[in-house]
Enquirer: 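Structure in structure tokens, see below.
If you read the sequence from its start, that first residue is 1, and numbering goes on from there.
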Amino acid sequence: MDDPIIEYTGHTSKKRPSGNEYTSHVSSEKYITAKAGSFCGSANHSCTPNCDLRKLLEPSENGKGEVERLYVVPLMNLKEGDECFLDYNKGLAPSEDKFDFGEQGCLCG
């Protein structure tokens, strides 16, 4: 269950973008916003997720040091075709606002 499903990729920025976006906090100055329609951009929120985001250190492309990458990992056994749910409120820095669900709000209960 610990093996990554896919790397969480998208637009990288130094500040958390405003708005209702699929943005994950990687480090103090690195945020990744998944592209809509991509696997990560289509992962829905759940307060009881079946997947999580995990940071892994990997050698940098230039061979000097390491780089943090973000991966989606399952929290339970998933079958092919199962939908991936992430808790978008987990892992944000304490000083930041939680994920903005907009007017609809979180429907988990």
Enquirer: Which atom pair, heavy atoms only, marks the closest approach of H45 to C47?
Expert: NE2-SG, 3.5 Å
Enquirer: Compare all side-chain heavy atoms of E83 with those of N44 and state whether any distance is below 4.5 angstrom.
Expert: yes
Enquirer: Start with the C-alpha gap between K30 and T12, add the side-chain angles, then the distance that decides, and say whether side-chain contact (heavy atoms from CB on, under 4.5 Å) holds.
Expert: CA-CA 7 Å; K30 185 175 181 182; T12 303; 3.8 Å; yes
Enquirer: Would you indicate whether the side-chain heavy atoms of I6 and C84 approach each other to under 4.5 Å?
Expert: no
Enquirer: Which pairs, with at least one residue in residues 43-52 and sequence neighbours excluded, count as a salt bridge (charged side-chain N to carboxylate O under 4.0 Å, His left out)?
Expert: D52-K90
Enquirer: Give me each pair satisfying salt bridge (charged side-chain N to carboxylate O under 4.0 Å, His left out) with a member in residues 60-74, each pair once, sequence neighbours excluded.
Expert: E7-R69, E58-R69, E61-R69
Enquirer: Can you tell me how far the OG1 atom of T33 sits from the OH atom of Y8, to the nearest 0.5 Å?
Expert: 7.0 Å
Enquirer: Check side chain to side chain contact (heavy atoms under 4.5 Å, CB included) between L78 and all other residues, then give those that pass, not counting sequence neighbours.
Expert: I5, N50, C51, P74, M76, D82
Enquirer: Are the side chains of T9 and I32 in contact, using a 4.5 Å heavy-atom criterion?
Expert: no
Enquirer: Report the residue from D3, L56, L53 that forms a side chain to side chain contact (heavy atoms under 4.5 Å, CB included) with Y71.
Expert: L56
Enquirer: Which atom pair, heavy atoms only, marks the closest approach of L86 to A43?
Expert: CD1-CB, 3.9 Å
Enquirer: Under 4.5 Å between any side-chain heavy atoms of V67 and L57, yes or no?
Expert: no
